[in-house]
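Within every chain, numbering begins at 1; the chains are lettered A, B, ... in the order of the sequence lines, protein sequences first and strands thereafter. Being a predicted model, the structure only gives us computed values, none of them experimental. Scope of the values below: all heavy atoms of this structure, side chains included, with no hydrogens, waters or symmetry mates.
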Number of protein chains: 2
Amino acid sequence: MTRHAAIRAQIEARILSGALRPGDKLPSEAELVAEHGVARMTASRALADLVAAGLVVRRRKAGSFVAVPRAEESLFGIPDLRATLGPGHAHAVLHRATRAATAADKARLGALPRGARVLALQVRHMAGAVPQAIEDRLINLAAVPEAAAEDFGAAPPGSWLLERVPWTEAEHRIGALAADAATAALLAVAEGAPCLVLDRLSRREGLPVTAVRFTYPGDRHAFTGRSTPRLREAPQPGMRIS
Amino acid sequence: MTRHAAIRAQIEARILSGALRPGDKLPSEAELVAEHGVARMTASRALADLVAAGLVVRRRKAGSFVAVPRAEESLFGIPDLRATLGPGHAHAVLHRATRAATAADKARLGALPRGARVLALQVRHMAGAVPQAIEDRLINLAAVPEAAAEDFGAAPPGSWLLERVPWTEAEHRIGALAADAATAALLAVAEGAPCLVLDRLSRREGLPVTAVRFTYPGDRHAFTGRSTPRLREAPQPGMRIS
DNA sequence: CATGAGATTATGTCTAGACATAATCTGCCG
DNA sequence: CGGCAGATTATGTCTAGACATAATCTCATG
């Protein structure tokens with residue numbers, strides 16, 4: 001491993017483990033130079049790479065800081081509902097239960113230790129009087145214990161988690177399904193109507209954090225994206241729900 | 001503009017304009033140093049940035065080359081059907097017509113000059129005997145004149161274009177629709193069955209190249225993706241159709 | 001107390017040179 | 001002609017120092 005890669009990896013590990021939280025100040029270049037015994041260019045390169053990865057922001061004179069994931073931006077290429085639906089958005093928690101993980105829960109979240117507890121939520125998102133999405137979510141309480149005491153009345157679980165769980169890997173799947181009777185009733189569409197379904201599993205350092213399924217009425221939502229192979233100065237624009 | 005940014009922009013422009021084609025050799029660092037009168041580190045940084053953007057690949061001793069977009073990789077985050085469906089894949093051109101762009105064509109492709117000619121294609125993709133997708137495509141013949149003489153018997157239009165049009169911007173949209181009668185018949189599903197619909201508009205240097213709609217049976221396909229905010233050595237993995 | 005000028009500081013860019021590394025090329029030898 | 005050893009070459013990484021730039025901080029002055 002090269003020296004700049006070693007410095008980068010050390011800082012990256014501290015951010016991903018949560019030891020450094022969003023907004024925290026990183027060591028300055030001069031401190032990294034002293035600590036690692038390298039030239040300033042080498043330390044600078046390590047930080048520049050972290051900026052390119054979106055983990056760090058730098059401001060002249062002020063220093064380098066752990067990047068704060070902005071809710072209105074897409075963390076996984078698919079952003080938070082609260083930001084996309086705008087000011088008319090409201091949500092209601094339809095169902096909320098804490099339980100020991102069942103076999104079905106483990107199938108959704110992946111490997112969990114024996115006796116792990118999960119929080120199951122069902123939330124409906126509205127724009128005015130029109131249902132926009134059903135959110136079925138499982139949260140691994142071992143990864144996010146604070147969630148057990150949260151009622152998600154103020155912020156929907158997606159936004160709430162986005163501000164607390166610093167950085168994760170994610171897998172998603174977008175498919176199309178016919179609405180079953182229960183879903184159709186909640187979304188105010190005909191049974192059998194086409195729905196866009198987004199499944200996402202988020203992990204932090206390999207530990208499953210949350211699994212979620214969003215079900216959107218097919219006539220009201222689509223994922224749109226713009227991409228370009230050009231060099232980007234800013235993080236790549238992701239997908240938006242419109 | 002900084003000096004390394006200027007060098008990078010010059011090379012980038014030559015690649016995007018098509019003056020340098022995929023696989024072509026770029027000037028070596030030493031040549032860039034001589035041409036621009038900069039230190040080698042500066043020229044190296046310009047090339048390193050282009051590598052990070054995925055436009056360039058570099059090999060020791062051999063030199064730097066314009067990256068060849070690999071078909072099995074995703075150009076726009078959503079890859080080529082031929083690669084995803086594997087060896088059992090077959091396609092058939094159901095409809096093929098060259099015409100002056102109609103108003104509907106212009107709505108799909110965006111601004112076109114008066115009298116512009118387009119190639120309209122409908123292609124069905126199969127895996128064995130099972131229909132997998134319907135592809136409705138418009139190609140702007142001003143951008144890709146060679147397409148007029150191509151019958152797309154060997155390679156489907158997506159793969160064919162991917163190998164010829166070097167780099168573009170793209171917009172996409174993923175939605176869910178109920179199959180109409182014609183689509184249902186072609187995909188061998190019931191009328192009204194949920195379908196996943198992908199629309200994509202590709203441009204090259206602002207010029208519309210192709211607009212395409214893929215319609216997948218909802219019970220046979222989904223887009224899956226994996227993302228991570230970690231620093232990536234390789235270009236970010238995109239979405240796959242499974 | 002408010003404010004603006006100037007000092008300070010961390011980052012941003014660049015240079016000239018050095019050594020390392022890997023792949024290609026060359027030419028010798030069987 | 002075939003294949004291996006060594007020379008060559010382009011990239012990869014690093015250093016030590018320099019100047020530029022922008023934002024913050026300090027402090028004297030009104």
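With the nearest nucleotide of DNA chain C identified for both A/S28 and B/A62, A/S28 has the one nearer the 5' end.
With C/dT11, C/dC14, D/dT8 as the candidates, the nucleotide lying closest to the side chain of A/S64 is C/dT11.
C/dT11 atom C1' lies 11 Å from atom NZ of A/K25, rounded to whole Å. Between B/R8 atom CZ and C/dC14 atom C1' the separation is 16 Å, expressed in whole Å. As rounded to whole Å, 14 Å separates atom C1' of C/dG17 from atom CD of B/E29. The interatomic distance linking B/F65 (CZ) with C/dA23 (P) rounds to 13 Å, in whole Å. Distance, A/R59 CZ to C/dG12 P: 11 Å, rounded to whole Å. Atom CZ of B/R60 and atom C1' of D/dA10 are 9 Å apart (whole Å). Atom P of nucleotide C/dA10 and atom CG of A/L26 are separated by 14 Å, given to the nearest angstrom. In this structure, A/R3 places its CZ atom 14 Å from P of C/dT21, rounding to the nearest Å.
In this structure, B/Y216 has its ring center under 6.0 Å from that of B/F223.
Contact annotation: A/R45 does not reach the phosphate of D/dG12 (side-chain N/O to OP1 or OP2, under 4.0 Å). For the OP1/OP2 pair of D/dT11 and a distance below 4.0 Å, the side-chain nitrogens and oxygens of B/R58 include at least one atom meeting the criterion.
Side-chain atoms of A/N140 come within 3.5 Å of backbone atoms of A/P208 as a donor-acceptor pair (strictly under, hydrogens ignored). Under a 3.5 Å cut-off, the side chain of A/H172 and the backbone N or O of A/S202 do not form any donor-acceptor pair.
A side-chain N or O of B/R58 and one of B/S64 form a donor-acceptor pair less than 3.5 Å apart.
Using a 4.0 Å cutoff on non-hydrogen atoms, the parts of residues 31-44 of chain A near DNA chain D are A/G37, A/V38, A/A39, A/R40, A/M41, A/T42, ordered by number.
With respect to the salt-bridge test (charged N to carboxylate O, under 4.0 angstrom), the residues A/D136 and A/R213 do not qualify. At a threshold of 4.0 Å, the pair A/R124-A/E135 does not count as salt-bridged, since none of the basic side-chain nitrogens sits closer than that to a carboxylate oxygen.
With a 4.5 Å cut-off on side-chain heavy atoms, B/V209 and B/V144 count as touching.
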